[in-house]
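To start, the structure itself, in structure tokens.
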Amino acid sequence: MIVTRLIRFRREIVTLWHAFWNPLTPTYLKVLTVLTVLYVVSPLDLITDLIPVIGWVDDVIIVSFAVSWIVSRLPRIVHHTQKPERARQSGQEKIIEGKKRLR
């Protein structure tokens with residue numbers, strides 16, 4: 001269960017990164033993304049990091065919930081969750097093949 005959550009969190013981070021640079025993403029979601037990053041790097045926490053495990057666990061929980069909530073609020077257009085095969089079949093997205101040319 002923890003591994004699946006970590007994999008989903010990684011995908012959500014990538015989606016959030018793409019959505020942050022997408023002009024169709026609402027401004028309030030971009031602001032929340034910046035605030036989430038600032039919370040991670042800020043020395044101010046709900047529970048201080050001086051308490052070794054509990055201080056880190058609250059950061060992980062708060063950030064993972066914030067990222068999941070922001071991604072759940074993204075418009076469908078902004079989501080980059082389609083696999084390349086599906087996008088190629090539906091013709092919605094231009095896929096650039098990364099194959100090297102042979103001379």
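Treat the numbers as computed from the prediction; the structure is a model and nothing was measured. One is the number of the first residue; the rest follow in order along the sequence.
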Worksheet item: Are I70 and Y39 connected in the hydrophobic side-chain network, where two residues link if heavy atoms are under 4.5 Å apart?
Response: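 Yes: a chain of side-chain contacts under 4.5 Å links I70 to Y39.
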Discussion item. Check whether S72 reaches the backbone of W69 with its side chain - one donor and one acceptor, N or O, closer than 3.5 Å.
Written reply: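 Yes; judged by distance alone, with no hydrogens or angles, the pair exists.
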Worksheet entry | Side-chain (T25) to main-chain (A19) donor-acceptor, under 3.5 angstrom |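 Yes: the side chain of T25 pairs with the backbone of A19.
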Item to complete: Quick one: closest heavy-atom pair of A66 and T36, and the distance?
Response: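 Heavy-atom minimum between the residues: CB-OG1, 3.9 Å.
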Worksheet entry | Listed partners of I13 passing side-chain contact (heavy atoms from CB on, under 4.5 Å), at least two apart |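 So I13 forms a side-chain contact (heavy atoms from CB on, under 4.5 Å) with F9, V67.
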Practice prompt. Carefully, step by step, assess V40 and D59 under the rule side chain to side chain contact (heavy atoms under 4.5 Å, CB included).
Written response: CA-CA 7 Å; V40 171; D59 290 345; over 6 Å; no
Worksheet item: To which residues is V3 joined in a hydrophobic cluster, defined by side-chain heavy-atom contacts under 4.5 Å among Ile, Leu, Val, Met, Phe, Trp and Tyr, whether direct or through other members?
Response: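 Besides V3, the cluster holds I7.
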Tell me which donor-acceptor pairs under 3.5 Å the side chains of residues 27-35 have, and how far apart each pair is, sequence neighbours excluded?
residue : atom : partner : partner atom : Å
K30     : NZ   : F20     : O            : 3.4
K30     : NZ   : N22     : O            : 3.2
T33     : OG1  : L29     : O            : 2.8

Discussion item. Under the rule for ring pair (Phe, Tyr, Trp, His ring centres under 6.0 Å), what residues qualify as partners of W17, not counting sequence neighbours?
Written reply: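 Expected list: W21.
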Worksheet entry | Residues forming a side-chain hydrogen bond (donor to acceptor under 3.5 Å, both in side chains) with S68, sequence neighbours excluded |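 R5, E12.
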